[in-house]
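Just so it is clear: chains get the letters A, B, ... in the order the sequence lines come, proteins before strands, and each one is counted from 1.
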There are 2 protein chains.
Amino acid sequence: MHSLEPELNPYLQGCPTRRILDLIGDRWTVLIVGALADETRRFSELLRSVDGISQKMLTQTLRAMERDGLLTRTAYLQVPVRVDYRLTEAGQSLRAPLKVLEDWSIEHFADIRRSRTEYDSLGA
Amino acid sequence: MHSLEPELNPYLQGCPTRRILDLIGDRWTVLIVGALADETRRFSELLRSVDGISQKMLTQTLRAMERDGLLTRTAYLQVPVRVDYRLTEAGQSLRAPLKVLEDWSIEHFADIRRSRTEYDSLGA
DNA sequence: CTGAATCCACTTCGATACTG
DNA sequence: CAGTATCGAAGTGGATTCAG
């Protein structure tokens, strides 16, 4: 076990760990990790896989993930251009935690929907 | 194992499961779950515990969590007013998944920071 | 003490048009 | 095909003020 800096506390403003939470909290990042789970995919494939994402957001999110070392980008200089994206080991390691959250979502989805309905009907 | 509606697919636009991801992705929700982990807390205690949150956001987030059935709100009619918040079972059940993510963050924090630094220095 | 309500600066994101 | 650039609409969130 390696020691951690005691300053790493997400409850403190400005702590860098909050940036990590932002990363995980991003909807598109989560979906792209899933879309790239096992296989390398092209830009256009991702655009189709992740329904509703705009070209702009896909590019933007892929850049951020590349910057964070979650995936690699490989461009082939040919015509037409071809660019492949694949998860790094770090990116792969994110799948398990996300899976746990996904399972939780599925398990509690009905409960939450019911709770919201009740809450809203009472407040109406 | 109970069967699930096949329509529940976060990769499709408009799927309600995306709302669940939003819930989890919210920074303040995550921190509040942590702050309420074991104990009931008052509004003002939460305001102090979660550094950097504004009164507005605390109220807003608490309302959303109450609506989602993650916590209960108990108001005591006295002067001055006292309001307690505590996690429901559903709220408690969220702790484990979030802990997994927290562990991941801690484990990969240094890697991500390094990756960002390299990426930025190359792009400069 | 625990909010609700308002104002406003800032960010986000989709749509569109253009490029190598 | 895989972007980049730009614009405007919409949402977010902080600060402040008022209220039960």
Side-chain angles (χ1 to χ4, degrees), chain A residues 10-15 18-19 21-32 35-36 39-67 71-86 119-120 122-124, chain B residues 10-14 18-19 21-32 35-36 39-67 71-86 119 123:
Chain A
Y11 286 89
L12 294 180
Q13 209 172 2
C15 176
R18 286 201 171 173
R19 296 278 178 183
L21 281 182
D22 289 346
L23 167 83
I24 297 167
D26 185 73
R27 158 191 293 162
W28 300 129
T29 298
V30 171
L31 295 176
I32 289 173
L36 286 177
E39 44 210 341
T40 296
R41 302 204 117 163
R42 306 181 54 172
F43 185 85
S44 53
E45 291 178 310
L46 289 172
L47 202 54
R48 280 190 300 274
S49 296
V50 183
D51 188 48
I53 195 173
S54 65
Q55 193 183 57
K56 177 184 174 182
M57 287 312 296
L58 180 56
T59 299
Q60 192 171 306
T61 307
L62 288 172
R63 287 290 175 280
M65 292 175 71
E66 187 189 4
R67 186 173 111 103
L71 55 76
T72 59
R73 177 181 182 277
T74 309
Y76 298 95
L77 297 179
Q78 58 187 37
V79 184
V81 180
R82 174 202 179 93
V83 181
D84 285 350
Y85 293 93
R86 65 180 301 184
Y119 188 94
D120 291 344
L122 293 178
Chain B
Y11 285 88
L12 293 180
Q13 209 171 1
R18 285 202 171 171
R19 296 277 178 185
L21 281 182
D22 290 347
L23 167 83
I24 297 167
D26 186 74
R27 156 190 294 162
W28 300 129
T29 298
V30 172
L31 295 176
I32 289 173
L36 286 177
E39 44 209 341
T40 296
R41 302 205 113 158
R42 304 182 54 173
F43 185 84
S44 53
E45 290 178 310
L46 289 173
L47 202 53
R48 279 190 300 273
S49 297
V50 184
D51 188 48
I53 195 172
S54 65
Q55 192 182 61
K56 178 184 175 182
M57 287 312 298
L58 180 55
T59 299
Q60 193 172 306
T61 307
L62 288 172
R63 288 289 174 280
M65 292 176 71
E66 186 188 4
R67 185 173 112 102
L71 54 76
T72 58
R73 177 181 183 276
T74 310
Y76 298 94
L77 297 179
Q78 57 189 35
V79 183
V81 180
R82 175 202 179 94
V83 181
D84 285 349
Y85 293 93
R86 65 180 303 184
Y119 188 94

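Looking at residues two or more places apart in sequence or on another chain, you find a side-chain hydrogen bond (donor to acceptor under 3.5 Å, both in side chains) between A/Thr29 and A/Asp26. Evaluation of the side chain to side chain contact (heavy atoms under 4.5 Å, CB included) rule for B/Gln55 yields B/Phe43 as partners, not counting sequence neighbours. By the side chain to side chain contact (heavy atoms under 4.5 Å, CB included) test, A/Gln78 pairs with A/Tyr76, A/Arg82, sequence neighbours left out. In this structure A/Leu46 satisfies the side chain to side chain contact (heavy atoms under 4.5 Å, CB included) test together with A/Ala35, A/Leu36, A/Arg41, A/Leu58, A/Leu62, A/Tyr85, sequence neighbours excluded.
Rounding to the nearest 0.5 Å gives a distance of 5.5 Å between CZ of B/Arg63 and OH of A/Tyr119. Rounded to the nearest 0.5 Å, atoms CD1 (A/Ile32) and CZ (A/Arg27) are 12.0 Å apart. Distance check: A/Ile53 CD1 to A/Arg48 CZ gives 13.5 Å after rounding to the nearest 0.5 Å.
OP1 or OP2 of C/dA4 lies within a sub-4.0 Å distance of a side-chain N or O belonging to B/Arg63. For B/Thr59 and C/dT2, the shortest distance from a side-chain N or O to OP1 or OP2 is not below 4.0 Å. The shortest distance between the side-chain N/O atoms of B/Arg82 and the OP1/OP2 oxygens of C/dT2 is not below 4.0 Å. Phosphate proximity of D/dC1 to A/Arg42: absent, as no side-chain N or O sits under 4.0 Å from OP1 or OP2.
The interatomic distance linking B/Leu58 (CG) with C/dT2 (P) rounds to 10 Å, in whole Å. Here D/dG3 presents its P atom at 13 Å from CD of A/Glu45, a figure rounded to the nearest Å. Residue B/Arg73 contributes atom CZ, which lies 8 Å from atom C1' of C/dG3 at whole-angstrom precision. The CG atom of A/Leu62 sits 16 Å away from the C1' atom of C/dC13 (whole-angstrom rounding). Straight-line distance from the CG atom of A/Leu77 to the C1' atom of D/dG3: 14 Å, rounded to whole Å. C/dG20 atom P lies 18 Å from atom CZ of A/Phe43, rounded to whole Å.
Atom CZ of A/Arg42 sits in a crowded spot, with more than 12 heavy atoms from other residues, nucleotides or ligands closer than 6.0 Å.
Rounded to 10 degrees, the angle between the two end axes of the helix from C/dC1-D/dG20 to C/dG20-D/dC1 is 40°, with five pairs used at each end.
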### Query
Just by protein heavy atoms under 4.0 Å, how would nucleotides 9-20 of chain D read 5' to 3' in B, S and -?
----BBB----B

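Among the atoms of the strands shown, only primed sugar atoms or phosphate atoms (P, OP1, OP2) are found under 4.0 Å from some heavy atom of A/Tyr85.
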